[in-house]
There are 2 protein chains.
Amino acid sequence: MNLSNKVMGRLTRYRALLTEYFPKEKTYVFSHELAAMVSLSASQVRRDLMCLGYFGVPRYGYEVVELIKHINRVLDAGKLHNVAVVGAGNLGQALMTFLESRRATLRIIAAFDDDPRLSNRVINGVPCHPMERLEELVEGKEIRIAILCVPGSAAQRVADRLVKAGIKGILNFAPVPIRLPVGVALEEIDITSHLERVAFFTTTRATPSKERRPTQVRLRARS
Amino acid sequence: MNLSNKVMGRLTRYRALLTEYFPKEKTYVFSHELAAMVSLSASQVRRDLMCLGYFGVPRYGYEVVELIKHINRVLDAGKLHNVAVVGAGNLGQALMTFLESRRATLRIIAAFDDDPRLSNRVINGVPCHPMERLEELVEGKEIRIAILCVPGSAAQRVADRLVKAGIKGILNFAPVPIRLPVGVALEEIDITSHLERVAFFTTTRATPSKERRPTQVRLRARS
DNA sequence: GAAACGATGTGAATTAATTCACATTCCAAG
DNA sequence: CTTGGAATGTGAATTAATTCACATCGTTTC
């Protein structure tokens with residue numbers, strides 16, 4: 001099954017919900033419960049889960065631990081990635097704390113920064129190194145993924161270095177689009193853009209089309 | 001014209017590019033240039049720009065300042081919003097610096113936090129207040145938008161308070177989905193989820209479908 | 001054990017998003 | 001002035017995403 005990145009994105013959300021915010025005592029979950037939690041339709045959820053090769057039981061819903069297990073199998077295929085934060089300023093530091101122990105398969109094992117006041121010490125449990133050592137450590141420690149939190153002006157340059165050093169994926173927080181060779185995964189989070197979007201939808205009455213606002217689980221009519 | 005939130009999102013990106021990372025000396029921009037910068041197709045860009053009621057000139061492209069003006073008109077309709085950051089921990093502080101003076105129509109004018117060590121002082125140029133004063137200040141200072149950076153466990157509760165205080169839009173960084181009444185705009189940034197997505201696309205060979213990777217401006221064949 | 005219920009799984013229909021392809025336009029060159 | 005070229009604007013086609021609607025099936029109840 002070739003899952004689209006939309007489906008993939010929703011699967012990660014289902015997993016997060018199930019592992020962290022679903023009552024432990026419930027062993028089964030209904031598609032409409034998941035749907036309500038993420039504001040989607042129940043049929044959407046069922047469609048997404050179809051990609052897993054795991055099937056729920058008709059009257060009961062989906063067995064939670066089994067479901068999680070299958071999402072894991074599909075999403076991270078048992079792989080474990082070492083992650084580095086590049087740029088240990090405000091945002092970088094915030095992310096280190098924020099992502100701390102959130103997902104077992106993704107370990108932040110290093111940070112890098114230009115500023116000598118930041119490098120060569122441990123920040124939020126993550127050892128921070130000077131930029132000079134980037135290549136050496138990315139290779140040596142088998143760092144596969146980088147979180148880029150450098151200023152926009154440095155983003156492309158640093159990204160190029162990372163790629164050359166062998167990084168396989170970049171999560172870019174710098175407020176500029178960066179360009180990578182095919183084969184290196186890229187995900188950009190443009191915070192300003194998101195803020196602007198909120199602003200936009202507060203002014204106009206238009207509601208983002210796809211959104212299904214309050215819980216609203218619709219039960220189909222039976223003929 | 002009723003723009004979908006996808007179009008709207010891309011428009012913000014075009015604007016950011018044009019205002020911040022486009023050579024000042026160039027007065028015109030081609031659809032394929034914009035497209036290359038954000039990794040989209042040229043026809044996509046043209047479609048998006050159609051929503052603006054502004055038209056480019058055939059051989060020259062789009063006049064940059066005029067284009068920006070029109071995007072502004074559509075996107076923020078001249079409105080100016082006061083914004084507050086709720087939760088002034090690592091992430092909150094990072095966002096204050098990051099969003100500082102990035103967009104003129106969105107002003108971060110206050111922060112709130114439980115922790116007495118953070119409140120009642122100015123952080124990164126933003127006055128930080130104790131949570132008790134949330135309602136009072138949201139109303140008094142006409143704060144329309146909140147950036148939510150509190151821990152997941154507090155997110156829904158704080159969101160409810162914000163809504164009751166009259167907030168019109170929330171940008172949620174807390175790693176839980178929150179639920180708002182219709183009429184209050186919501187945008188969620190799930191950082192973990194994005195990181196997982198990068199990880200996913202590094203392992204598998206699947207490239208996110210819609211993405212058009214390297215610059216690749218395709219010129220149509222003429223019959 | 002039979003019947004009713006209430007969930008799933010999934011073709012088919014619908015709706016949304018994107019791309020194609022080309023007529024149109026306007027500038028530039030001759 | 002005329003011609004050619006290189007871009008735009010946009011119906012139409014295509015592709016992707018979502019929703020509908022219902023057959024199906026495992027549980028529970030009687």
Side-chain angles (χ1 to χ4, degrees), chain A residues 1-11 13-14 26-36 38-64 66-67 70 206-213 216-223, chain B residues 1-11 13-14 26-36 38-64 66-67 70 206-213 216-223:
Chain A
M1 174 58 71
N2 210 357
L3 26 82
S4 75
N5 57 0
K6 277 205 158 166
V7 172
M8 170 324 159
R10 286 192 299 260
L11 287 175
R13 302 191 62 200
Y14 303 148
K26 290 198 62 172
T27 36
Y28 285 87
V29 61
F30 296 132
S31 62
H32 64 260
E33 289 177 318
L34 274 174
V38 293
S39 300
L40 293 170
S41 71
S43 60
Q44 173 95 83
V45 173
R46 292 204 300 276
R47 270 265 183 260
D48 291 340
L49 299 190
M50 274 179 64
C51 309
L52 298 177
Y54 162 70
F55 297 91
V57 335
R59 187 82 194 282
Y60 263 39
Y62 303 85
E63 222 229 296
V64 178
E66 206 56 29
L67 183 51
H70 278 79
T207 315
S209 48
K210 68 169 167 195
E211 214 170 340
R212 174 179 312 284
R213 242 359 156 35
Q216 206 83 305
V217 183
R218 64 180 49 176
L219 299 193
R220 83 274 159 94
R222 188 65 70 90
S223 65
Chain B
M1 174 58 70
N2 211 358
L3 25 82
S4 75
N5 58 359
K6 276 203 160 169
V7 172
M8 168 330 160
R10 286 192 298 260
L11 287 176
R13 302 192 62 200
Y14 303 148
K26 290 197 61 172
T27 36
Y28 285 86
V29 61
F30 296 133
S31 62
H32 63 260
E33 288 177 318
L34 274 174
V38 294
S39 299
L40 292 170
S41 71
S43 59
Q44 174 95 84
V45 172
R46 292 203 300 275
R47 270 264 184 259
D48 291 340
L49 299 190
M50 273 179 65
C51 309
L52 297 178
Y54 163 71
F55 297 90
V57 338
R59 188 82 196 281
Y60 265 40
Y62 304 84
E63 222 229 295
V64 178
E66 207 55 29
L67 183 51
H70 278 79
T207 315
S209 47
K210 67 169 167 196
E211 215 169 340
R212 174 180 311 284
R213 238 10 152 31
Q216 206 83 303
V217 182
R218 63 179 48 177
L219 299 192
R220 83 278 160 87
R222 188 63 71 89
S223 66

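All chains are named by letter (A, B, ...) in the order of the sequence lines, taking the proteins before the strands, and each is independently numbered beginning at 1.
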The criterion is side chain to side chain contact (heavy atoms under 4.5 Å, CB included); which residues satisfy it with B/Phe30, sequence neighbours excluded?
B/His32, B/Glu33

From the list D/dA17, C/dG9, D/dG9, which nucleotide is the closest neighbour of the side chain of B/Phe55?
D/dG9

Euclidean distance, atom CG of residue A/Leu52 to atom P of C/dT10 [Å, nearest integer]:
12 Å

DNA chain C: 5'-proximal contact among B/Tyr60 and A/Tyr62 (nearest heavy atom)
A/Tyr62

5' priority, DNA chain D, between B/Arg59 and B/Ser43 [closest heavy atom]:
B/Arg59

How many Å lie between OH on A/Tyr28 and C1' on D/dG26, as a whole number?
11 Å

CG of B/Asn2 versus C1' of C/dT15: gap in Å, rounded?
15 Å

Side-chain heavy-atom pair A/Leu49, A/Tyr14 within 4.5 angstrom cut-off:
yes

For atom CZ of A/Arg47 and atom P of C/dT15, their distance in whole Å:
16 Å

Nearest-nucleotide wise, let me know which of A/Pro58 and A/Gln44 is further upstream toward the 5' end of DNA chain D.
A/Gln44

Within the 4.5 Å heavy-atom criterion, are B/Phe55 and B/His70 side-chain neighbours or not?
no

Tell me whether the side-chain N/O atoms of A/Ser41 come closer than 4.0 Å to OP1 or OP2 in D/dT19.
yes

Can you check the B/Leu49 CG to D/dG9 P distance for me, whole Å?
8 Å

Less than 4.5 Å apart, any side-chain heavy atom of B/Arg10 and any of B/Val38?
no

Take atom NE2 of B/His32 and atom C1' of C/dT19, then tell me their distance rounded to the nearest Å.
17 Å

Using the ring of each side chain (for Trp, its six-membered ring), is A/Tyr60 parallel, tilted or perpendicular to A/Tyr28, with breaks at 30° and 60°?
perpendicular

Can you tell me the distance, in whole Å, between the CG atom of B/Asp48 and the P atom of C/dA16?
16 Å

Just how far, in rounded Å, is C1' of D/dC20 from CG of A/Leu40?
16 Å

From D/dT10, C/dT19, D/dC22, pick the nucleotide closest to the side chain of A/Arg46?
D/dC22

I want to verify a distance call: between C/dA7, D/dG11, D/dA21, whose nearest atom is closest to the A/Phe30 side chain?
C/dA7

